[in-house]
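Below, chains carry the letters A, B, ... as their sequence lines are ordered, and counting in each starts from 1.
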Amino acid sequence: MLDIRFVRENAEAVQKNAQAKGYDVNINELLKWDASKRQLQQQADMLRERRNEMSASMKGGKPSEDALREAKIVKEELNAVEASLKEAEATFTDLLKKVPNMALADVPVGATEDENVVAKKVGEPKHFDFEPKSHAEIADLRGWLDKERAAKVTGSRFAYLKGDMVMLQFALIQFVMSKLSDQAFIDEVIRENNLNVSNKPFLPILPPFMLRTELYDAMDRLEPRDDRYKIEDEDLWLQGSAEHVLGSMHADEIFTEADMPRRYIGYATSFRREAGTYGKDMEGTFRMHQFDKLEMESLGLAENGLEEHLFMVAIQEKLMQLLEIPYQVLMKCTADIGKPNARGVDIEAWLPSQNTYRETHTADYMTDYQARRLKTRVRRADGSIELIHTNDATALPLSRGPIAIVENHQQADGTVHVPEVLRPYLGGREIL
RNA sequence: GGAGAGGUGGCCGAGUGGUUGAAGGCGCACGCUUGGAAAGCGUGUAUGCGGGCAACCGUAUCGCAGGUUCGAAUCCUGUUCUCUCCGCCA
């Protein structure tokens, strides 16, 4: 949620920004409700003041009939004003929640994701002297995947992973957790990219996979709800990304400045209904209802937020380079960064079977937009309190990460060459 | 799932209808004291909203949501979380 004071002072820019991001909001109407809400609040405060005065004068003794009568009138007036106030607040909050976060100045303006801008390409797509297979074909050949039985048990977009595909996934988890919690690795990424950020390593987290409606909504990740799985008879939803449960864990807390930033590397099985994607990406495990993901989350000071965002992208790139996967980096345009985002970067991995780059990572910088509703704050050294800035980014998606590895490192016979950095986590094996 | 107890400020903890936004203690900050430190003494120390250049003023908040009352941290209802015991269970 935006700061209403900011909206008041920058109404035109806020309206324009919403338009660029493709959200239909009416700032003038929001400001009308803001004004009437404030007016009602002042009325209510005055009536409460009167009520408090009267009740204070009554304490102890037996109040006179007149005093009681007047107090009752004040009470009735207050009840009426409070009812209107409540309504105005509900409408106001509803409208304010719909206003998307302001995009940073360097975010390209665009109406669809086709207007995302390629910032750079790293790594040469490998030339194969045979027809490269898709990950699904390789998995099929090697007995790594059973979607037919999954369909019997759970329906479409689920899978049983088997054998070395499972070993590969666990190796990747170990690899990423080890790197992100390692001081030397963090220092190296900072140095190589000339970043001015804290060198605190990430704390590994295994979070709950469900969260309450209120916190999901405060993260601004609940909508559209038809892409989420709701737990029947509970006020709980399955998370769609570890971000949802990592970012909300410090709701309603005030950090000390010295404690910033908080960096987490979470591992979670994530769930998405993929509403509206019928028929797309049905081959293999590219788009599933359930997929595991390693996710970075960082809570920190406002002035470090953007650099932290760049730091996370640098980590994503470093991991891709270590895994020897060619990729490109996209600056997402206004239409694609998402409602709570101020800036967004995607990484797309080269998939030989599709002869193109496909999305594997995303990095999101939300400024204080999420923190405002989460009430996650920091007490500065001078005693003042302000909202923190949130950043999240994929460290490695499990399904699309393994897909990229299998496809890019495949050999003519359907075996897969293991990137050197993963071998320690696979018992030294060079080939899967 | 059943029975019971309880959620108060950074922490501990008092408080069962009326200057209680909240005693007392701890912690923290500043000052005094000291050669220096400890101890001691003094002062200060929650968050949101509205108003004001500001000092500050008003208002709300004692898990959350309702209700009773002139007045609620205190009474009533619902709900949620924690703890103990029983049951079940990886």
Distance, C1' atom - from B/C32 to B/A39, rounded to whole angstrom: 14 Å
Cut-off 3.5 Å, no hydrogens considered: what does the side-chain donor-acceptor table look like for residues 425-432 of chain A, sequence neighbours left out?
from: A/Y425; atom 1: OH; to: A/S178; atom 2: OG; distance (Å): 3.4
from: A/R429; atom 1: NH1; to: A/D164; atom 2: OD1; distance (Å): 3.0
from: A/R429; atom 1: NH2; to: A/D164; atom 2: OD2; distance (Å): 2.8

Contact letters for nucleotides 50-63 of chain B, in which S counts primed atoms plus P, OP1 and OP2 and B counts the base, heavy atoms under 4.0 Å: SS------BSS---
Length of the CZ-P vector between A/R380 and B/U47, whole Å: 15 Å
A/P424: partners by side-chain contact (heavy atoms from CB on, under 4.5 Å), with sequence neighbours left out: none
Donor-acceptor side-chain pairing of A/T269 and A/K293 below 3.5 angstrom: no
A/R191 with A/D187: basic N within carboxylate O range, under 4.0 Å: no
Side-chain donor-acceptor contacts of residues 302-315 of chain A below 3.5 Å, not counting sequence neighbours, with atom names and distances?
from: A/E303; atom 1: OE1; to: A/R380; atom 2: NH1; distance (Å): 3.3
from: A/E303; atom 1: OE2; to: A/R380; atom 2: NH2; distance (Å): 2.8
from: A/E307; atom 1: OE2; to: A/N196; atom 2: N; distance (Å): 2.8
from: A/E308; atom 1: OE1; to: A/R263; atom 2: NH2; distance (Å): 2.8
from: A/E308; atom 1: OE2; to: A/R263; atom 2: NE; distance (Å): 2.6
from: A/E308; atom 1: OE2; to: A/R263; atom 2: NH2; distance (Å): 3.3
from: A/E308; atom 1: OE2; to: A/S298; atom 2: OG; distance (Å): 2.7
from: A/H309; atom 1: NE2; to: A/R343; atom 2: NH1; distance (Å): 3.2

Ring pair (Phe, Tyr, Trp, His ring centres under 6.0 Å) contacts in which one or both residues fall within residues 77-112 of chain A, not counting sequence neighbours: none
Listed partners of A/F255 passing ring pair (Phe, Tyr, Trp, His ring centres under 6.0 Å), at least two apart: A/H250
Phosphate contact (B/A46 OP1 or OP2) by A/R379 side-chain N/O below 4.0 Å: no
Rounded P spacing from B/A22 to B/U47 in Å: 14 Å
Separation of the C1' atoms in B/C62 and B/C12, to the nearest angstrom: 16 Å
Distance between P atoms of B/G18 and B/A5 (Å, rounded): 25 Å
Protein-nucleotide distance (A/M1, atom CE; B/G48, atom P), rounded to Å: 13 Å
Between P of B/U45 and CD1 of A/I385, the distance in whole Å: 14 Å
Paired stretches of RNA chain B - 3 or more consecutive Watson-Crick or G-U pairs, each distance under 3.5 Å: B:1-7 with B:80-86, B:10-12 with B:24-26, B:27-32 with B:40-45, B:46-51 with B:56-61, B:63-67 with B:75-79
Over 12 foreign heavy atoms within 6.0 Å of NZ, A/K339: yes
Pairing residues for A/D140 by the salt bridge (Lys or Arg N to Asp or Glu O under 4.0 Å) criterion, not counting sequence neighbours: none
Between B/G10 (C1') and A/E257 (CD): distance, integer Å: 17 Å
Euclidean distance for C1', B/U84 against B/A90 (whole angstrom): 23 Å
Nearest-Å distance for atom pair CE/P, residues A/M210 and B/U80: 16 Å
Pairwise P distance for B/C88 and B/G2, with rounding to whole Å: 15 Å
Rounded P spacing from B/G15 to B/G1 in Å: 34 Å
Residue met sooner reading RNA chain B from 5', once A/A56 and A/A67 are mapped to nucleotides: A/A56
Distance, P atom - from B/U61 to B/G52, rounded to whole angstrom: 24 Å
Partners passing side-chain contact (heavy atoms from CB on, under 4.5 Å) against A/M320 (at least two apart in sequence or in another chain): A/I325, A/Y327, A/I347, A/A349, A/T360, A/H361
Sorted by number, the residues of residues 75-97 of chain A with heavy-atom contact under 4.0 Å to RNA chain B: A/K75, A/K86
With A/Y23 via ring pair (Phe, Tyr, Trp, His ring centres under 6.0 Å) - residues at least two apart: none
Ring centres under 6.0 angstrom apart (A/Y369, A/H389): no
A/I73 CD1 to B/C70 C1', straight-line distance once rounded to whole Å: 12 Å
Sequence-distant partners of A/T213, side-chain hydrogen bond (donor to acceptor under 3.5 Å, both in side chains), two or more places apart: A/D235, A/W237
Rounded distance (Å) that lies between atom C1' of B/C49 and atom CD of A/Q43: 16 Å
Length of the CE-C1' vector between A/M54 and B/U19, whole Å: 17 Å
